[in-house]
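Shown next, in structure tokens, is the structure this report addresses.
Within every chain, numbering begins at 1; the chains are lettered A, B, ... in the order of the sequence lines, protein sequences first and strands thereafter.
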2 protein chains.
Amino acid sequence: MAETDDTERLTASPGEHAAGARRRPEFRKGRPTLTRERIARAALEILSETGPAELTMRAVGARLGVSPRALYNYVADRRDLLGEMVAVCQRARPQPRLDTDRWQESLRTYCRDLRAWYRAHPGMPALARAEDLTPFASADLLRPDDILVEFFLGLGLSPQNAYRAWSITVLQVSGFAEMWDAWHDRPPPGTDPAAWTGVPSNLAAGELPHLRRVIAESDFEPPDVLFESVLTMLIAGVEAMR
Amino acid sequence: MAETDDTERLTASPGEHAAGARRRPEFRKGRPTLTRERIARAALEILSETGPAELTMRAVGARLGVSPRALYNYVADRRDLLGEMVAVCQRARPQPRLDTDRWQESLRTYCRDLRAWYRAHPGMPALARAEDLTPFASADLLRPDDILVEFFLGLGLSPQNAYRAWSITVLQVSGFAEMWDAWHDRPPPGTDPAAWTGVPSNLAAGELPHLRRVIAESDFEPPDVLFESVLTMLIAGVEAMR
DNA sequence: ACCTGAACACCGTTCAAGT
DNA sequence: ACCTGAACACCGTTCAAGT
């Protein structure tokens, strides 16, 4: 029993077991034992199913069939729970599979994966910022970023440009997911998602003529199409750095 | 007294005065009279000085020297107050001054103004989304957007491309302000702003080699420089649409 | 070792008075 | 017409027991 395995280490509870103590049981009264990770996952479910306002300690406890007080045996406070939520998310961030010989297509693919990951946790960056959490605390959470930087260096970019390209790539994808997808994936109640163009339909004649014309004469494009346009711009920008 | 002026109309209180009634006094007990707008401005100050967690009805009342209950004579509830905050912000959105003959420089200038505007209200888009508010409710708030679309049409873009260019411009600027500036303008307490690169300094040897190399061999670039890189990409993207 | 239940301070909101 | 103060339900968190 020299080394505990990965999941065991990550889900260790704050009440430390002495070395060589028996493992904590997987179940208790029919319910799975609480762990920091299990609590964080329940909280992430609440966050993406409802929203940040409904993410309360009481709601997390209720979802796990436990009193709110029980959570405090594993997390110090709400802020600590949010930190664990960030960590759980980060661990699931996609690992880039990048090929410098087909660099445009592989960058595109990775950005699509990254976008899907951000979309799966809408509002998480905003929540982290509102609570002054520092993401990327540990080195292994930055592995995807290291691979991405390596890729840009492999394209022949200078270190400075590789740093810029990395920053801009993450910025483009996270910005798109948070500022665009978040609205389109769950529009405010009462708005018609399909017709949602950002422009009110009850306009006085002559108001906003150009905006109206452009919307009338454009085909409706789903967010995916706009995202590809952003990626095309990004790729052209990287190309210009070489 | 046929037409009330702009500010009067916008700050009308819900308790309607009969037509021809005298104006409500500007002051009351030495303090300026409450209005929806004045309440929203106090709330915006709290939001940007502290953060969304400190934005409470009680705090807004205290800042105005009034009991929390008094606010409910002007706003229906917290959500209504947030809506008024959005409206106050939107009214202050910069009007583009765009010249198709010097289109690159004037687009750049407008984007800088727009970025400054977003930075002045950090977390406002996230707050609006968390509370399911619909921004851009009224037509006059979309005036800047109409001007921007007119500008892109004037460059010879097709309606479809003008729509894309508008979306992407707003997306780029808002995304940069919310995802990048928000962190750099007020980093989590305990981090050194000048050295903040997003990478922890206590790395084991051999960990994240490429990220470390890139950071070591890059000059520190303030966010302004990265923003200009984003704008260069945006301009190249628009150029490619013509 | 880990849980529950009561309790406290705080927040949004409402009710009943005050002037 | 507009304000205050008390009150209610809810939230984060803690204390004192339970098993």
Side-chain angles (χ1 to χ4, degrees), chain A residues 11-18 21-36 38-39 42-43 46-47 50-85 127 130-132, chain B residues 11-18 21-36 38-39 42-43 46-47 50-85 127 130-132:
Chain A
T11 60
S13 84
E16 285 293 325
H17 301 273
R22 61 179 175 281
R23 307 168 79 89
R24 51 200 306 266
E26 289 265 325
F27 288 85
R28 187 188 167 99
K29 289 201 201 168
R31 287 233 149 265
T33 317
L34 291 183
T35 61
R36 282 176 68 84
R38 206 139 14 207
I39 293 170
I46 293 172
L47 179 63
T50 60
E54 282 73 24
L55 177 58
T56 66
M57 301 299 279
R58 283 165 157 88
V60 175
R63 175 173 278 254
L64 293 166
V66 97
S67 86
R69 173 61 184 87
L71 306 177
Y72 289 89
N73 293 321
Y74 300 87
V75 296
D77 49 23
R78 184 182 141 92
R79 196 181 133 78
D80 185 33
L81 169 55
L82 295 173
E84 185 66 24
M85 290 166 68
L127 198 57
E131 306 277 344
D132 274 331
Chain B
T11 59
S13 85
E16 285 294 327
H17 300 276
R22 62 179 174 282
R23 308 167 80 86
R24 51 201 306 266
E26 288 267 324
F27 289 84
R28 186 188 168 99
K29 289 202 199 165
R31 287 232 149 264
T33 318
L34 291 183
T35 61
R36 281 177 70 85
R38 205 137 18 205
I39 292 170
I46 293 172
L47 179 62
T50 59
E54 282 73 23
L55 178 58
T56 67
M57 301 298 279
R58 284 165 157 88
V60 175
R63 176 174 278 254
L64 293 166
V66 97
S67 86
R69 173 61 184 87
L71 306 177
Y72 288 88
N73 294 321
Y74 301 87
V75 296
D77 49 23
R78 182 182 142 91
R79 196 180 132 78
D80 186 33
L81 170 56
L82 294 173
E84 185 65 25
M85 290 166 67
L127 198 57
E131 306 277 344
D132 274 329

Mind checking what makes salt bridge (Lys or Arg N to Asp or Glu O under 4.0 Å) contact with B/Arg79, not counting sequence neighbours?
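If we apply the salt bridge (Lys or Arg N to Asp or Glu O under 4.0 Å) test to B/Arg79, skipping adjacent residues, there are no hits.
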
Nucleotide nearest A/Asn73 (side chain, heavy atoms from C-beta), chosen from D/dT4, C/dC2, D/dC2
C/dC2

Are B/Asn73 and B/Leu34 side-chain neighbours, meaning at least one heavy-atom pair lies under 4.5 Å?
no

Are any non-hydrogen side-chain atoms of B/Leu71 and B/Val60 less than 4.5 angstrom apart?
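B/Leu71 vs B/Val60: side chains touch.
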
Distance check needed: D/dC3 P versus B/Leu71 CG, whole Å only.
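Taking CG of B/Leu71 and P of D/dC3, I get 9 Å after rounding.
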
Wobble G-U and Watson-Crick pairs count when both distances are under 3.5 Å; given that, what is the 5' to 3' dot-bracket string of DNA chain D, with | for pairing to other strands?
||.|||||...|||||.||

Counting only side-chain N and O atoms of A/Tyr74, is one of them less than 4.0 Å from OP1 or OP2 of C/dC3?
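Answer is yes, contact under 4.0 Å.
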
Using the side chain to side chain contact (heavy atoms under 4.5 Å, CB included) criterion, which residues pair with A/Ala130? Sequence neighbours excluded.
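A/Ala130 satisfies side chain to side chain contact (heavy atoms under 4.5 Å, CB included) with B/Pro52 once adjacent residues are dropped.
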
What side-chain hydrogen bond (donor to acceptor under 3.5 Å, both in side chains) pairs are there with at least one residue in residues 51-61 of chain A, not counting sequence neighbours?
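Sorted result for residues 51-61 of chain A: empty, none.
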
Heavy-atom pair of closest approach, residues A/Asp77 and A/Asp80:
OD1-N, 2.9 Å

Spell out protein contact along nucleotides 7-14 of chain D as letters: B when the base is contacted, S when just the sugar-phosphate is, - when no protein heavy atom is under 4.0 Å; keep the 5' to 3' order.
----BBBB

Restricting to side chain to side chain donor-acceptor pair (under 3.5 Å), what partner residues turn up for B/Arg63, sequence neighbours left out?
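If we apply the side chain to side chain donor-acceptor pair (under 3.5 Å) test to B/Arg63, skipping adjacent residues, the hits are B/Glu45, B/Glu49.
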
Any chance you could measure B/Met57, atom CE, to B/Ile39, atom CD1, to the nearest 0.5 Å?
7.5 Å

